[in-house]
Structure formats: structure tokens, C-alpha cells
Amino acid sequence: MSETPIDSSKRTWLIASGCAGAVGGVATAVPFVSTFQPSERAKAAGAPVEVDISALKPGEKITVEWRGKPVWIVRRTPEQLAALPSLDPQLADPKSERKPAELTPPYARNEARSIKPEVLVAVGICSHLGCSPSDKFTPGAQPSLPDDWKGGFLCPCHGSTFDMAGRVFKNKPAPDNLEVPPHMYLSETKLLIGEDKKA
């Protein structure tokens, strides 16, 4: 059998076309594959958030964002803490026993729902339809609240009420207590929201 000689200009054209096609394929594939990786903004949104609470005074609240959610940090007064046990009979889940792994980490399954009794860390989203409750820290009779109100939070959308530990009152639209996010103390005045295990 005799071999047919290939024209050298045709060979060069075939090699150049193949190379151009490969480069074009890689150029198209790289941006496409990179879309499957989380963006820098998404990485930052899921990353733990460090918070300095040294300036937080009793009765005050600060809000930080973690994973796109508002996280409240409240320094409760001694009076607010003292009122918590007396509210247990009025609450739907006073000991945070329903869905404990989802809503309340083990270290916050206590009366104050916190690591340090005076500091509440909770996601500020109502468990009913995702509204953000309002602060109602002042005790006593107020519109939409009972006359013996001890302080807490009121969801303006449908009237769910929560005590100063984020525990929901009975017979309200909200089915569960406010979520306590994973968190830990890096020092006496520094909190890390979003992580609770030391590496």
C-alpha cells in the first residue's frame, strides 16, 4: 500500500485549528466551572463573625449579621435574669427541649439559654414567618402586651411574644423559641458567632 503524502500547509492548518479549539474549550470551561465555587461574598457570609461586647451595658442590645441573619447580643440586667424562672409556666418550651439540636446548642439548654447568664445570643428572626421581633425590654403594661409583662420581644407581624431568653409564650403563632446560633467566647469581652469548637 502506498501512503498518500499530506500537504504540509494542510497539516499546519489542522494543527493550528486543533490548538485554537482546545484553547477556546479551556477558555469556556474555566469560567463555567468557577461558577460552581462559592463567591467571596458567599464565603464571607458563612464565615464566623467576631464581636467585641466590652461596651455593651446591662439592658442594651447590639445586632450583627451572620449568614445573612440578624444576630442579637443582649446584656441582661439582674432583674431581667431574676424574672426568667417565674415565666416557665407561661412558655411553650421553657427548657428548649423541642428541636434542641436545630435551635439550641447543648451549652444553651438552660434557663437563660446562654453560656454566660447575663449575655443572650439569639437569631432575631421569629420562628413563625420569619419577621424580626421588636425589643420590648421595659416591664409593665404596654399595647399588645400583658399587664404583667417582664420584658422581652414582640413580633409585630402576628403578635408572638418572647421572654428575655428568646423563649416563646404559649398560644402564640410562633411554634418555637428563637434560635441560638453556635457561638463561643474568645475572651471575656470577645464573642465568635458561627463557631463553637476550638480547633
Side-chain angles (χ1 to χ4, degrees), residues 42 45-49 51 53 56 58-77 79-81 83-184 191-196:
V49 178
V51 187
I53 59 169
L56 191 61
E60 290 184 347
K61 177 187 96 174
I62 57 173
T63 304
V64 296
E65 186 179 341
W66 171 68
R67 291 190 176 174
K69 302 176 190 175
V71 174
W72 298 337
I73 303 164
V74 181
R75 187 176 296 275
R76 293 174 284 206
T77 66
E79 295 77 23
Q80 290 167 336
L81 282 172
L84 293 178
S86 69
L87 297 171
D88 285 5
Q90 302 173 49
L91 303 170
D93 185 17
K95 300 194 183 314
S96 299
E97 294 170 325
R98 295 191 300 195
K99 301 184 187 176
E102 293 174 42
L103 297 174
T104 310
Y107 47 82
R109 283 187 219 138
N110 52 48
E111 195 84 57
R113 295 186 80 225
S114 60
I115 297 171
K116 293 183 178 185
E118 70 276 11
V119 180
L120 171 68
V121 179
V123 175
I125 297 175
C126 180
S127 56
H128 179 220
L129 293 176
C131 303
S132 188
S134 305
D135 304 346
K136 296 293 179 184
F137 295 171
T138 306
Q142 298 164 59
S144 303
L145 294 170
D147 291 346
D148 63 347
W149 182 247
K150 305 277 194 248
F153 307 93
L154 168 68
C155 187
C157 302
H158 300 96
S160 293
T161 48
F162 302 85
D163 74 351
M164 288 301 298
R167 301 178 299 174
V168 69
F169 283 82
K170 288 178 183 174
N171 305 316
K172 297 294 179 179
D176 293 301
N177 296 335
L178 296 179
E179 177 187 353
V180 174
H183 65 282
M184 59 192 257
L191 263 172
L192 188 66
I193 312 292
E195 193 174 303
D196 56 8

Quick check against the 3.5 Å criterion: does [X] have a side-chain atom that pairs as donor or acceptor with the backbone of [Y]?
{"X": "R167", "Y": "R113", "answer": "no"}
{"X": "R109", "Y": "E97", "answer": "no"}
{"X": "Q90", "Y": "L87", "answer": "no"}
{"X": "N177", "Y": "D93", "answer": "yes"}
{"X": "S132", "Y": "G124", "answer": "yes"}
{"X": "K150", "Y": "E79", "answer": "no"}
{"X": "D135", "Y": "F137", "answer": "no"}

Minimum heavy-atom separation for [X] and [Y], please, with both atom names.
{"X": "R75", "Y": "V119", "answer": "NH1-CG2, 4.1 Å"}
{"X": "D176", "Y": "S127", "answer": "O-OG, 2.5 Å"}
{"X": "W72", "Y": "T63", "answer": "CD1-OG1, 3.5 Å"}
{"X": "P85", "Y": "E111", "answer": "CA-OE2, 3.6 Å"}
{"X": "T104", "Y": "S96", "answer": "OG1-CB, 3.7 Å"}
{"X": "P105", "Y": "V180", "answer": "CD-O, 3.3 Å"}

With rounding to the nearest 0.5 angstrom, report the [atom1] to [atom2] distance, [X] to [Y].
{"X": "I73", "Y": "S114", "atom1": "CD1", "atom2": "OG", "value": "12.5 Å"}
{"X": "W66", "Y": "I193", "atom1": "CH2", "atom2": "CD1", "value": "8.5 Å"}
{"X": "I115", "Y": "L120", "atom1": "CD1", "atom2": "CG", "value": "11.5 Å"}
{"X": "D163", "Y": "R76", "atom1": "CG", "atom2": "CZ", "value": "8.5 Å"}

Determine whether E179 and L103 make a side-chain contact, defined as any pair of heavy atoms from C-beta on separated by less than 4.5 Å. yes

Looking at side-chain heavy atoms only, is the closest gap between V74 and M164 below 4.5 Å? yes

Derivation of the side chain to side chain contact (heavy atoms under 4.5 Å, CB included) call for H183 and V51: CA-CA 11 Å; H183 65 282; V51 187; over 6 Å; no

Hey, which of S144, C126, P133 is the one that makes side chain to side chain contact (heavy atoms under 4.5 Å, CB included) with L154? S144

Classify the ring geometry of F169 against W149: parallel below 30°, tilted from 30° to 60°, perpendicular beyond 60°. tilted

Would you kindly say whether the two SG atoms, from C157 and from C131, are closer than 2.5 Å? yes

Residue pair V49, E65: steps toward the side chain to side chain contact (heavy atoms under 4.5 Å, CB included) verdict: CA-CA 8 Å; V49 178; E65 186 179 341; over 6 Å; no

